[in-house]
Amino acid sequence: MMAGSAAATFTGVSAGTAHAAVPASPGVTYTNSIAEQRADPHIWKHTDGFYYFTATVPAYDRIVLRRATTIQGLSSATETTIWTKHASGAMGAHIWAPEIHFIDGKWYIYFAAGDANNIWKIRPYVLECTAANPITGPWTEKGRIALPLDTFSLDATTFVVNGSRYLSWAQNDPAVGSGTNIYIAQMSSPWTITGTPVMLSRPTASWETAGGQTVNEGPAVIQRNGKVFMTFSASATDANYCMGMLTASASANLLSASSWAKSAGPVFASNAATGQYGPGHNQFTVSEDGKSDILVYHDRNYKDISGDPLNDPNRRTRVQKIYWKADGTPDFGIPVADGLTPIRLSSYNFPDRFIRHWEFRAKIEPNVSPLPDSQFRVVTGLAGSGTVSLESANFPGYFLRHKNFEVWVEKNDGTAQFRGDASFTARAGLADSAGVSYESSNFPGRYIRHYNYLLNVQALSTATDRADATFYTQ
């Protein structure tokens, strides 16, 4: 079952029909982007009710923080500079990829920095704040994270599995070759590793070396279903930039490279249809209700870059919901179009089935692949206010519409007929008010319902009809 789908427990209702409980992970939506010209984003949801957000600024000269009670609120939240690069020496250039963590009652920021006199002598450093509010409290420098190999190293992140704290980061090892690899080590304090680091991933595949760069960097960890998933970014920081993933059992020896399996290809990549390029350097947070996992990342909304991508300031922070496959692994889908993020619609009486398009015919189906076939953006109805239209996530400009009372996904042709056929009135679910039912705007009394798993627009009379016409937002 998809994450967020209701568990396979059914409650009997009238006429012998059955349905799932309200989904454990109801739909959440955000409007992208969250922050312009903010790359390498990190959002931490804290127990004080605030989300804390930090990211790389284009000048590469300082660390900034903002907070809000909602993820969307971070867009307009006041931003405060809490630390500025040194005028000389270490921590004097290329202030990159800050992350904020709360560990043992204190705040820590991990970041990479170069030397004022050698800007490419980039190493990982740590700041500490003991105040309750890290925006107004003072920060002290705990210094550089000492790594056995004194080479180009960056993108440190920290996480805990089964009570043990780990550090993961990207680093160059001249003995291995050019570029950066992903490493892991245990930690004895929030700024100190212990033991010998282990290389988990080396960029060797074509999708990890595109654009002439051999890059594995920006590790980020999410845990679920007894597994540890470590995403990372690969290739040049232009439109080739993408995300891969390493997977290990939470009960395995995470300090053994053989415990980790690398994805055969990218798990998140540029998408021309949605106008998103170079998605990566991600992190994870959770929705306001704590019920959905949220992917946090940066990308650009154009493909062609003039000059060095590092000098292009327009990477921006974005978010979207993560879904979970039946096998317990994350499905990131595609970087969705700018604006409102899409949702999925699961069947009330077949809770493992979602509305999806298949060769543009709309139907309900389990284990949808690719995921975006089952994602739709709920927008103001093409027929006008008071109605809604459902726009395909992977075919922007295409909408659910009825034709001969069958439901298809088709491109908006601009006609009044299409606008009417693609507009619906969202009603409280006819079989469960916690769900939603969609009544045709130009054929009142007819609703989107599934019949033999295909979607049609029909008049309803029985309890089964009403169940077939009720969906949950996920």
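- The salt bridge (charged side-chain N to carboxylate O under 4.0 Å, His left out) test with R224 is passed by exactly one of D293, D327, D331: D293.
- Side-chain rings of W107 and Y52 approach one another, their centers coming within less than 6.0 Å.
- Between the side chains of E36 and N314, not a single donor N or O lies within less than 3.5 Å of an accepting N or O.
- Using a 4.0 Å cut-off between charged side-chain N and carboxylate O, R144 and D150 make a salt bridge.
- Here the side chains of F284 and I43 are not in contact, with every heavy-atom distance at 4.5 Å or above.
- The residues E79 and R62 are annotated as not salt-bridged, no charged nitrogen and carboxylate oxygen being separated by less than 4.0 angstrom.
- For the residue pair N282 and T231, a side-chain donor N or O sits within less than 3.5 Å of a side-chain acceptor on the partner.
- K121 and D115 are not joined by a salt bridge, as no carboxylate oxygen comes within less than 4.0 angstrom of a charged side-chain nitrogen.
- Looking at K303 and D238, no side-chain N of the basic residue comes within less than 4.0 Å of a carboxylate O on the acidic one, giving no salt bridge.
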Run the salt bridge (charged side-chain N to carboxylate O under 4.0 Å, His left out) check on D299 and R315 step by step: do they pass?
CA-CA 5 Å; D299 76 3; R315 293 176 292 179; over 6 Å; no
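- Counting only N and O atoms by type, the side chains of S25 and S292 include a donor and acceptor under 3.5 Å apart.
- Defined by atom type and a distance below 3.5 Å, a donor-acceptor pair is missing between the side-chain atoms of N162 and S164.
- F229 pairs in a ring pair (Phe, Tyr, Trp, His ring centres under 6.0 Å) with only one of the listed residues (F159, W260, W324), which is W324.
- Aromatic rings from H46 and Y51 are positioned such that their centres are separated by 6.0 Å or more.
- Between the side chains of W83 and E141, at least one donor N or O lies within less than 3.5 Å of an accepting N or O.
- Side chain to side chain, D338 and Q276 meet the donor-acceptor criterion of an N or O pair below 3.5 Å.
- Residues K262 and S201 bring a donor and an acceptor atom of their side chains to less than 3.5 Å of each other.
- Taking the charged nitrogens against the carboxylate oxygens, E365 and R353 have no contact shorter than 4.0 Å, which rules out a salt bridge.
- Using cut-offs of 30° and 60° for the angle between ring planes, the H450 and Y453 rings count as parallel.
- Ring centroids of F395 and F360 are separated by less than 6.0 Å, placing the two rings close together.
- Both the sub-6.0 Å distance and the 45° axial angle are not jointly satisfied by R300 relative to the ring of Y277.
- Under the 3.5 Å distance criterion, with hydrogens and angles disregarded, no donor-acceptor pair is assigned to the side chains of D40 and Y297.
- Applying side-chain contact (heavy atoms from CB on, under 4.5 Å) to F111 and the options H42, E99, M91 leaves one that passes, M91.
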